[in-house]
Asks: 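Mind looking over this structure? Questions follow.
Note: hydrogens, waters and symmetry copies are ignored here, and every other heavy atom, side chains too, is used. For reference, positions follow the sequence shown, starting with 1.
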Amino acid sequence: MNRLAWAVVCMTASSFVQADVASAGLAGLTGFGCCPPKVCADACDFGAASSSCVTYKTVRDVVYEPVTTTECRTVYDTVVEKVPVTCNKTVYDTHYRDVCETVCKPIYKTCYKDVCKTICKPVYNTCYKTETCTVRKPVYKTCYKDVCYTVCTPIYNTCYKSVCRTVCKPVYETCYKDVCRTVCKPIYKTCYKDVCYTTCEPVCDTKTVEVDCGEWKTVVECVPGPVVKKVVADPCAGPCEPKCKTVCVQCPPRKVCKKVWCPRTETREVTTTRYVTKVHTKKVPYTTCTYTHETVTDRVPYTVCRMEKRTVVDKVPVRTCTYRTETRTKKVPYTTCRYVDQCVTKKVPHTTCTMVKQQVTVKVPYTTCTMTQQTVTRKVPYCVPRQVCETRYVTKTKCVPRQVEVQVTKCVPKVVCRQVPVCGGGCDDGCTPSCAVPSCAMPEKACCL
């Protein structure tokens, strides 16, 4: 898409350049002063003079035009399938056999023997000694003193005043009315109907199938390089042409390694299980319900409320408070302390310990061991192999090829011709040395546009 837009921009710019050059040549750019006097005098026409001054040459440019084509490519889809495989499995069963053996069983017996030993037993004796000491004992005494203080005593007085107010007291009255309603009474009945149900019974079949399998192989593929645009210098450009041009250059190719699936077909025996349907009949109970309509009359109570106004006189208490100041006296206690010396006699206990030797007889246990031979029967396990046939499913992956249409855009070279103005004839444009006629001098600004 970018190459197509670039080609359109290049062709548009070329057409604009041709139009500008042509208009410049036809209009004279700077008027009649651009044309040589001799040419203007001979032609006596500005259009003829300007056409004899400017000539054009055809330039061929190579333009790459994108072309979109549709190609078919092979795409491999990975398919996973479960293949049943029947194999024989060895299962070991554990059996036991009786083995008789003679073992020596130890019999332990605990005996006691008397051992005499001498021990030192401590004997504790508590004695008391009398000690006399002088102590200072505090004596506390409580005294009282009179303290005067002033208090404000509140005096409360309660008065009552009458306040009249009107209240609305609701009076409720219960009335009854007869309401008829229709009720539906259900009648249930149990019936039976025959229902057919189907059961599936398995049937095993063995068939030979062809399984698609294969392997992946690595293939080295050469991928052509992308086409990029590059700005290079144009050695053949004239003075009125740009010195640089943009060309499309293809990058060198690169090698790509990819994996290709190589399919092959194998013949295998597959055991399939199909189910055969069998129809059975059974009686299924169902309940039918019919409704009968009955008319019932109910006495519905309703309450009527009416408001009665009454005048009520309330006595509202009004409380007044006055304060009276009076002086009071109270006794405040305080404590005085003085110390008195006193002799105290106390008994201080102290303990003495003496060690007394004593003969003690202790029973010391000891163990004797005798070995007794005994015949013991024990079960020894051993394994017995047996073959069991089992079917297991193995998951295998295979690639399935399919054709996919892909839109591919390629750049196709195309030759585009365009007209480029050049300074020729008998005019000297001041740019090319081939024009040597002094009378055909042309302004430099007119040739370089």
Side-chain angles (χ1 to χ4, degrees), residues 76-122 195-218 259 261-284 357-400:
Y76 293 91
D77 296 333
T78 303
V79 180
V80 178
E81 65 176 355
K82 290 186 177 181
V83 179
V85 177
T86 303
C87 60
N88 293 327
K89 182 179 179 182
T90 303
V91 179
Y92 294 91
D93 297 334
T94 303
H95 296 268
Y96 294 89
R97 65 172 178 265
D98 294 334
V99 177
C100 295
E101 58 182 12
T102 303
V103 296
C104 292
K105 185 177 180 181
I107 299 176
Y108 297 95
K109 184 179 179 181
T110 302
C111 302
Y112 294 90
K113 62 181 179 179
D114 294 334
V115 177
C116 293
K117 64 178 180 178
T118 302
I119 61 173
C120 291
K121 185 177 181 181
V195 176
C196 296
Y197 66 96
T198 304
T199 60
C200 295
E201 297 180 356
V203 177
C204 295
D205 296 333
T206 302
K207 63 178 181 180
T208 302
V209 296
E210 291 185 354
V211 181
D212 292 334
C213 58
E215 60 181 355
W216 291 94
K217 291 185 177 180
T218 304
K259 291 187 176 181
W261 176 258
C262 298
R264 70 171 183 271
T265 304
E266 293 183 358
T267 303
R268 300 176 182 175
E269 288 188 357
V270 179
T271 303
T272 59
T273 302
R274 60 186 179 87
Y275 291 87
V276 179
T277 58
K278 188 176 181 181
V279 180
H280 302 274
T281 305
K282 66 177 179 179
K283 287 186 177 295
V284 178
K357 293 183 179 182
Q358 186 178 0
Q359 294 290 331
V360 180
T361 302
V362 181
K363 288 185 176 292
V364 178
Y366 64 95
T367 304
T368 60
C369 176
T370 58
M371 303 301 291
T372 304
Q373 290 187 353
Q374 188 177 0
T375 302
V376 180
T377 302
R378 64 186 182 91
K379 292 185 178 293
V380 178
Y382 65 95
C383 295
V384 178
R386 61 186 177 92
Q387 297 293 327
V388 177
C389 182
E390 67 173 1
T391 301
R392 63 178 180 177
Y393 290 88
V394 179
T395 302
K396 292 191 176 181
T397 305
K398 69 175 183 178
C399 291
V400 179

Asks: Answer whether the closest heavy-atom distance between the side chains of K396 and V80 falls below 4.5 Å.
Replies: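 The answer is no; the side chains never approach within 4.5 Å.
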Asks: So how far is it from E390 CD to K89 NZ, rounded to the nearest 0.5 Å?
Replies: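 Between atom CD of E390 and atom NZ of K89 there are 5.0 Å.
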Asks: Which residue pairs satisfy the salt bridge (charged side-chain N to carboxylate O under 4.0 Å, His left out) criterion with at least one member in residues 368-378, sequence neighbours excluded?
Replies: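 Output for this query lists E101-R378.
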Asks: Could you list the residues that satisfy salt bridge (charged side-chain N to carboxylate O under 4.0 Å, His left out) with K363, not counting sequence neighbours?
Replies: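 Applying salt bridge (charged side-chain N to carboxylate O under 4.0 Å, His left out) to K363 gives D114.
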Asks: How many angstroms lie between atom OH of Y76 and atom SG of C399, to the nearest 0.5 angstrom?
Replies: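 So the OH of Y76 and the SG of C399 are separated by 8.5 Å.
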Asks: Heavy atoms only: give me the nearest Q373-C104 pair and the separation to one decimal.
Replies: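 Taking every non-hydrogen atom into account, CG-SG, 4.0 Å.
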Asks: For Y275, does the OH atom have more than 12 heavy-atom neighbours from other residues, nucleotides or ligands under 6.0 Å away?
Replies: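 Not more than 12 within 6.0 Å, no.
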Asks: Could you measure the distance from the CH2 atom of W261 to the CD atom of E215? Nearest 0.5 Å is fine.
Replies: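 Here the rounded value is 8.0 Å.
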Asks: Working note: K109 + T367, criterion side chain to side chain contact (heavy atoms under 4.5 Å, CB included); need CA distance, chi angles, decisive distance, verdict.
Replies: CA-CA 5 Å; K109 184 179 179 181; T367 304; over 6 Å; no
Asks: Who pairs with T218 by side chain to side chain donor-acceptor pair (under 3.5 Å), at least two apart in sequence or on another chain?
Replies: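 Here no residue qualifies.
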Asks: Check salt bridge (charged side-chain N to carboxylate O under 4.0 Å, His left out) between K282 and all other residues, then give those that pass, not counting sequence neighbours.
Replies: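 With sequence neighbours excluded, K282 shows a salt bridge (charged side-chain N to carboxylate O under 4.0 Å, His left out) to no residue whatsoever.
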Asks: Report the C-alpha distance between T94 and Y96 in whole Å, list the side-chain angles of each, state the deciding distance to 0.1 Å, and finish with yes or no for side chain to side chain contact (heavy atoms under 4.5 Å, CB included).
Replies: CA-CA 7 Å; T94 303; Y96 294 89; 4.0 Å; yes
Asks: With sequence neighbours left out, what residues match K398 under salt bridge (charged side-chain N to carboxylate O under 4.0 Å, His left out)?
Replies: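 Listed in chain order: D212.
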Asks: My understanding is that only residues two or more places apart in sequence, or in another chain, count here; which of them pass side chain to side chain donor-acceptor pair (under 3.5 Å) with T90?
Replies: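 By the side chain to side chain donor-acceptor pair (under 3.5 Å) rule, T90 matches Q387.
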Asks: List for me each residue that meets side chain to side chain donor-acceptor pair (under 3.5 Å) alongside K283, sequence neighbours excluded, and say none if there are none.
Replies: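 Listed in chain order: D194.
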Asks: Quick one: are T271 and P84 in side-chain contact, heavy atoms under 4.5 Å?
Replies: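 When only atoms from C-beta onward are counted, P84 and T271 do not touch, as no gap falls below 4.5 Å.
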Asks: For side chain to side chain donor-acceptor pair (under 3.5 Å), just list the numbers for E210 and T267, CA-CA rounded to whole Å, side-chain angles, deciding distance to a tenth of an Å, and then say yes or no.
Replies: CA-CA 4 Å; E210 291 185 354; T267 303; 4.7 Å; no
Asks: Tell me every residue that passes ring-ring contact (aromatic ring centres under 6.0 Å, His included) with Y197, counting only those two or more places apart in sequence or in another chain.
Replies: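 Here the qualifying residues are H280.
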Asks: Could you work out, with ring-ring contact (aromatic ring centres under 6.0 Å, His included) as the rule, every residue matching Y382, not counting sequence neighbours?
Replies: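 Y382 satisfies ring-ring contact (aromatic ring centres under 6.0 Å, His included) with H95 once adjacent residues are dropped.
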Asks: Taking salt bridge (charged side-chain N to carboxylate O under 4.0 Å, His left out) as the test, write out the residues that go with K82, two or more places apart.
Replies: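 With sequence neighbours excluded, K82 shows a salt bridge (charged side-chain N to carboxylate O under 4.0 Å, His left out) to no residue whatsoever.
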Asks: Any non-hydrogen side-chain atom of T272 less than 4.5 Å from a side-chain atom of K207?
Replies: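 Counting from C-beta outward, T272 and K207 do come under 4.5 Å.
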Asks: Who pairs with C116 by side-chain contact (heavy atoms from CB on, under 4.5 Å), at least two apart in sequence or on another chain?
Replies: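 Per chain and number, C116 pairs via side-chain contact (heavy atoms from CB on, under 4.5 Å) with T361.
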Asks: Are the side chains of E81 and V211 in touch, meaning some heavy atoms are under 4.5 Å apart?
Replies: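 Yes, at least one pair of side-chain atoms sits under 4.5 Å.
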Asks: Sort and list the pairs that fulfil salt bridge (charged side-chain N to carboxylate O under 4.0 Å, His left out) and have at least one residue in residues 267-277, not counting sequence neighbours.
Replies: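 Residue pairs passing salt bridge (charged side-chain N to carboxylate O under 4.0 Å, His left out), neighbours aside: D205-R274, E266-R268.
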